[in-house]
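So that the names make sense, note that chain A is the first sequence line, chain B the second, and so on, each numbered from 1. Values below: every heavy atom of this structure, side chains too, minus hydrogens, waters and symmetry copies.
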Amino acid sequence: RDRNTNNFDYASYHTLDEIYSWMDSLEAEYPDLVTKIQIGSSFEGRPINVLKFSTGGSNRPAIWLDTGIHAREWITPATGIWSAKKIASDYGRDPSLTAILNTMDIFFEIVTNPDGYYFTHTSNRMWRKTRSINPGSSCVGVDPNRNWGAGFGGPGTSTNPCSETYLGSFEHSESEVKSIVDFILGHGNFKAMITIHSYSQMLMYPYGYTSTETPNQQELHTLAKSAVDALATLHGTKYSYGSMITTIYPASGTTADWGYLNGIKYSFTFELRDTGRYGFLLPAEQIIPTAQETWLALMKIMEHARDNPY
Amino acid sequence: QKLFVGDQVLRVTASSEEQITLLKELQDLEHLKLDFWREPVKTALAVDVHVPFAGLQAVKAFLESNGIQYRVMIDDVQMLLDEEKEEMFRSRD
């Protein structure tokens, strides 16, 4: 087991224990910047941990980042780990990131679905949902990206517990979702929310549950373009972008829509890279290039949130 | 531990709304235990579907008989998983 975050192998996939241990190391190495917060527990009782990056102040405007809500998308926590280390190590060195952290806090949930992630390492590599039990069904789990209170139960969801897009019995039924909802609403000052998935190479903004455009459509569209343009500068990876419903498909009860409907204007969802050849089994050698290019897009969004307070 | 020996992932390209509808019908056939990685929505977007070995013949016959284009994106899911596992062990060493 790596004893500090400099020895950690960022170019390979890691188990839940390894990631949680790495979080402790990061917190220990950057005590003035990083705090690990437990915001809840998963269905099977695992801690739901968030890394808080803060240079002080109280209840500063904040940015939310999450990876790994769909358990099998391993590239997203891997990107999250690299990015969190980048935030910690670049503070005080990179002027733009430093300026963000001097006015805002960043909260980063790296394993948003710990039960599912554990299950993909031990039993079923293709698992996507949570691991909660559905009364009356032998099928386990809810799609946590259909479980949010944003057009809950609308198009693009399934009421069949055996489906990969099962919405759950009621909104926020999943502790993995409810913990975030309670934390963000309790905090009350989030200005950006970025949820990271894989593998369709897209950057999307609300809505997914309706074809109605948001009042901020133009600004979000322009920002999305600048983010994907920045991303492409590193390795030429081409992303499509737009509202969720026009870019990928109708999807209700999603994180990004919930964020927007709850007052977080800069609410986005990423679909990280894949060549279309591997699916969720993106070779480990692609972790660092993926994380590096994603970082450029993340910075564009975070800088915009910093420079356009509301 | 669940194994995926012989399972394939097909990349399906629908060329009309009718074919999208057919793919949605395929999606509803629960006994095939298909896992749609990208769902059938519009012709411009490819559909990726993980097909367990037991259902491969049925699914390919369905696609071919309806003139729906597809190609095998992952030939054997288990082989890829084994490679991934090996890579993880190696990096841990």
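Of the atoms belonging to B:Gln27, not a single heavy atom falls under 4.5 Å from chain A. Neither the backbone nor the side chain of A:Ser158 has a heavy atom closer than 4.5 Å to any heavy atom of chain B. Residue contact with chain B, scored on non-hydrogen atoms closer than 4.5 Å, involves the backbone of A:Thr247 exclusively. Interface remark: A:Arg72 contributes side-chain atoms only to the contact with chain B (heavy atom separation under 4.5 Å). Proximity to chain A is limited to the side chain of B:Lys42, based on heavy atoms less than 4.5 angstrom apart.
Between the side chains of A:Ser132 and A:Glu174, at least one donor N or O lies within less than 3.5 Å of an accepting N or O. There is a side-chain donor-acceptor pair under 3.5 Å between A:Asp143 and A:His70.
Using cut-offs of 30° and 60° on the angle between ring planes, the pair A:Phe119 and A:Trp127 is perpendicular.
Ring-centre distance between B:His50 and B:Phe36: not below the 6.0 Å cut-off.
Note: B:Asp35 leads B:Asp48, B:Asp35, B:Leu34 in heavy-atom pairs under 4.5 Å with chain A.
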**OP:** Could you give me the CA-CA distance, side-chain angles and deciding distance for B:Asp28 and B:Lys24, then say whether salt bridge (charged side-chain N to carboxylate O under 4.0 Å, His left out) is met?
**Re:** CA-CA 7 Å; B:Asp28 291 335; B:Lys24 284 181 176 163; over 6 Å; no
